[in-house]
Amino acid sequence: MPAISFAPASRTWLLRTPGSAYALRVDGDDVPRHLHWGEPLTLDQADSLPLPADLSGFNGFEGHTPVGEELPVDGGSRFGAPSLQLRFADGVRALEPVADGHSLTEQPTGATLLLHFRDRHYPLRITLGYQVHDDSDVIERWTELTHTGTDSEAGDGTEQGPITVLRADSAAWSLPPRDDYRLSHTTGAWAAETQLRRSQLSYGETVLTSRRGVTGHHAQPWAMVDAGDADEQHGQVWSTALAWSGSWRITLQRTADNALGLSAGAGHEGLTVRLAPGATHSTPRLAGLYSGGGFGGTSRSWHAHIRAHLLPHPDETRPVLYNSWEATAFAVTLEGQQQLAAHAAALGVELFVMDDGWFGARRNDRAGLGDWTPYAGAFPDGLQPLVDSVHGLGMRFGLWVEPEMVNPDSDLYRAHPDWVLHQPNRRRTELRHQLVLNLARPEVAEWMYDWLTRLVGDHGIDYLKWDMNRPFTEAGGSADPDDPDLLWTDYVRHYYQVVDRLRADHPALRIEACSSGGGRVDLGVLARHDQVWTSDNTDASDRLVIQDGYAQVYPVRTMAAWVTDVPNQQTGRSIPLRFRFHSAMSGVLGLGGELDRWTGAELKEAAELIAEYRTIRHLVQHGALYRLRPPRSQNELTAVQYTAADAAEAVVFGWLEQRRFGRPQPPLRLAGLDRDARYRDRRSGAVHHGAVLLEHGLDLELPPGDWASAVVHLVRV
């Protein structure tokens, strides 16, 4: 059966994925209406579905909420949250769409459907896009708006003049009626990102958003909804995630008759886009996923889709890295970095990254950003001696950069004070003693690309840690004075273009995304970066919670995690080295800290744990994640499992922060294994039946005392 099929008589479309189906119908008023999103259906079954009834009051006095429309517009008797709001040149706001054909493209690995509509009177074309893949249950959706008029036809401008786009979401999704709904999402802050929250969804409108110009620490542009009965292994879960790295908004609307709709897109309230005659505005893609396998099945499906369709090098295994920040801060010298590199190489580290403090007048955070030449006092012969030393030790060389920022105390700012985000007659707000360069301006984007490509090419740099340490303020200075809010869109698109050009110039270059930790993580970032700095908080206990929230949607293969010194810089907590390693080993392992101060015993244990990680990281980074016991409280076991696609191997991590007398830990039931196989514990040699591990569990044999942790590597006999 084709991935997308059509019943012409009823104008019903069916989109099929390996494990789900999505159906819609263009009704008699030419409104595209949702029919089904969930378990697989045939086209005949979808065609038999009735359109959902509208909620109306006496004689329709109350009008209706547009939940159930594929892209609710502003107009008619709709009184809910519209996904598309426009204002035409003569001041008219309401839209009256008319169906205007479609196009269906079959690809070797999926299909794309474009549904076209035009306004009944004004020169506007609306296209709803849908894409499905034959190896994924994710459906990608987007919207395009085209002003079909021309300047020569403008006349008095009442009909052919510019169209103001007040709101243009990428798509709207409707869920089947349930007795109740529960929302899963993440909240957070700097050093406390991706804190998972699950709560009953209120009636009315619930809004998740970022107004910061970046994805944000405080929320993530994804949401999951279930009927309140899903758990890790079972239950229906509907979820969406936005591929956009700027401001965004998700609106969930639960109606009085218990219908639920979700609409999401780029930008926050108050921003507009000017659509001139002949111009097209395209929204970012909003991906949707239905899973009948609970929250665990939902996460594994997202991970598989992102690996297969977004990540630049999905099959690569990320190296063990060392980053110099916590060891040196701004006190960077050639000799000091060479000593740290020698220590790191001796431990088995594969990638050495020099962090902030290597350039310009950057002796503290008050100066030097924007002046991207090596500090002569530390590097009299430039960066090449350090790069050569690191390469000579058998490691790759990486470098921290913050291309989008400038200190007022810098040569760049003194030469180009107009290059930063600013507004006339308003003070320039400094955060962290820095300002944001206006990447929406083409000359700024070109300057940024030019020095980055020369830096990488001239020095043979293998890796960039691309940081972005503050949100937008005074967001003015658009390249188009007639469309000042275009800045919020052009900034992100130019950021994407610079990264894309840089990667095209240097195919061997790998790039990490960082924004004061996890302040810019989304599907748009993951399409262009190899891994993400998850949080500036490296406390091993806090990280278990942060990493649990991160991996709800984003694959572990992108989740950077470090072992650093104690007491921890953020929490002041002292946690044993083994527990710190096991926490970081459940992601992409990295190290920070003052290695020259570690004891001989610590260095020996670190080298052994790094060697162990290198034997299991193919499972951590490429295996299927099972959250056996998500983090709840300090005196309860937290455990995750990573399993190979063929179930031939698995690795289990367990952490117990505090013990309680009289509360023994029961065996840990595993998941995703072959019931009929036997598995050998590579450390102890013990052999276990798969069925026993699944039904009765595994004793992790945690060591006594607090901060107990264990890693068990199982291989099918």
Side-chain angles (χ1 to χ4, degrees), residues 3 15-22 37-40 107-111 130-141 184 220-224 230 232-243 285-318 521-532 547-559 586-588 616-628 640-651 671-674:
L15 289 67
R16 291 175 56 88
T17 72
S20 70
Y22 187 96
W37 184 22
E39 291 295 315
Q107 291 112 10
T109 58
Y130 302 78
Q131 185 172 9
V132 294
H133 308 272
D134 63 4
D135 61 350
S136 170
D137 286 326
V138 168
I139 301 170
E140 297 179 62
R141 295 179 57 190
S184 299
Q220 278 289 310
W222 62 260
M224 296 181 187
E232 277 296 311
Q233 294 82 30
H234 310 97
Q236 295 181 308
V237 180
W238 295 263
S239 56
T240 62
L242 183 65
R285 295 201 173 197
L286 177 62
L289 168 69
Y290 164 78
S291 173
F295 296 116
T298 298
S299 296
R300 289 187 289 276
S301 293
W302 277 116
H303 298 169
H305 175 82
I306 292 169
R307 285 195 299 260
H309 297 282
L310 290 180
L311 294 183
H313 302 283
D315 296 329
E316 285 187 359
T317 299
R318 306 303 308 139
V521 188
D522 53 79
L523 299 189
V525 160
L526 294 183
R528 294 167 173 84
H529 296 79
D530 299 279
Q531 63 189 59
V532 170
Q547 293 169 185
D548 176 68
Y550 181 95
Q552 296 293 317
V553 169
Y554 307 132
V556 173
R557 172 175 168 325
T558 66
M559 187 176 72
S586 65
V588 176
I616 61 172
R617 64 178 167 184
H618 62 290
L619 296 169
V620 174
Q621 297 184 25
H622 303 288
L625 167 63
Y626 294 88
R627 290 182 287 265
L628 303 179
V640 298
Q641 174 186 329
Y642 303 99
T643 304
D646 61 359
E649 283 184 276
V651 61
L673 301 179
D674 182 349

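Bear in mind that the values here come from a model prediction, so they are computed numbers and not experimental data.
H133 is linked by a ring-ring contact (aromatic ring centres under 6.0 Å, His included) to H305, H309, counting only residues two or more places apart in sequence or in another chain. Residues forming a side chain to side chain donor-acceptor pair (under 3.5 Å) with W222 (at least two apart in sequence, or on another chain): none. Remark: F295 engages no residue in a ring-ring contact (aromatic ring centres under 6.0 Å, His included) (not counting sequence neighbours). With sequence neighbours excluded, the residues satisfying salt bridge (charged side-chain N to carboxylate O under 4.0 Å, His left out) with R627 are E232. Checked against side chain to side chain contact (heavy atoms under 4.5 Å, CB included), L310 has the following partners two or more places apart in sequence or in another chain: I306, L523, A527. Judged as a side chain to side chain contact (heavy atoms under 4.5 Å, CB included), and not counting sequence neighbours, A645 has no contacts. A search for side chain to side chain donor-acceptor pair (under 3.5 Å) contacts involving R141 returns Y22, E70, not counting sequence neighbours. Applying the side chain to side chain contact (heavy atoms under 4.5 Å, CB included) test to D315 and every residue at least two apart in sequence or in another chain returns nothing. In this structure, the side chain to side chain donor-acceptor pair (under 3.5 Å) partners of R617, at least two apart in sequence or on a different chain, are E350. Residues satisfying the side chain to side chain donor-acceptor pair (under 3.5 Å) criterion with S20, sequence neighbours excluded, are T17. The side chain to side chain contact (heavy atoms under 4.5 Å, CB included) test applied to T109 returns D134, not counting sequence neighbours. Residues that satisfy the salt bridge (charged side-chain N to carboxylate O under 4.0 Å, His left out) test with E649, not counting sequence neighbours, are absent from this structure.
A heavy-atom distance below 4.5 Å is not found between the side chains of D530 and L311. A 4.5 Å side-chain heavy-atom check between Y550 and T558 finds at least one atom pair inside the cut-off. Residues Y290 and E39 have side chains in contact (heavy-atom distance under 4.5 Å, counting atoms from C-beta outward). Side-chain contact between V556 and Y642: present, with at least one pair of heavy atoms (C-beta onward) separated by less than 4.5 Å. Side-chain contact between V553 and Q220: absent, with no pair of heavy atoms (C-beta onward) separated by less than 4.5 Å.
Interatomic distance, CZ of R16 versus CD1 of I139, reported as 11.5 Å (0.5 Å rounding). How far CD of Q621 is from CZ of R318: 7.5 Å, rounded to the nearest 0.5 Å. M224 contributes atom CE, which lies 9.5 Å from atom OG of S291 (distance to the nearest 0.5 angstrom). With rounding to the nearest 0.5 Å, the separation of OG in S184 from CH2 in W238 is 12.5 Å. The structure places CD of Q233 at 10.0 Å from OH of Y626, a figure rounded to the nearest 0.5 Å. Atom CZ of R285 sits about 12.5 Å away from atom CG of L242, to the nearest 0.5 Å.
A donor and an acceptor atom, one from each side chain of H622 and T317, are located under 3.5 Å apart.
The minimum heavy-atom distance linking L289 with S301 is given by the pair CD2-CB, 3.7 Å. When all heavy atoms of T298 and S239 are compared, the pair lying nearest together is CG2-OG, 3.7 Å. In terms of heavy-atom proximity, V237 sits nearest to A230 at CG2-CB, 3.9 Å. Closest approach of A21 and P40 over heavy atoms only: CB-CA, 3.8 Å. Heavy-atom minimum distance, V138 versus W302: CG2-CZ3, 3.9 Å.
Between the side chain of Q641 and the main chain of A650, no donor-acceptor pair closer than 3.5 Å is present. Between the side chain of D674 and the backbone N or O of A647 there is no donor-acceptor pair closer than 3.5 Å. Between the H303 side chain and the Y554 main chain, a donor and an acceptor come within less than 3.5 Å of each other. With H529 contributing its side chain and V521 its backbone, the two residues share no donor-acceptor pair below 3.5 Å.
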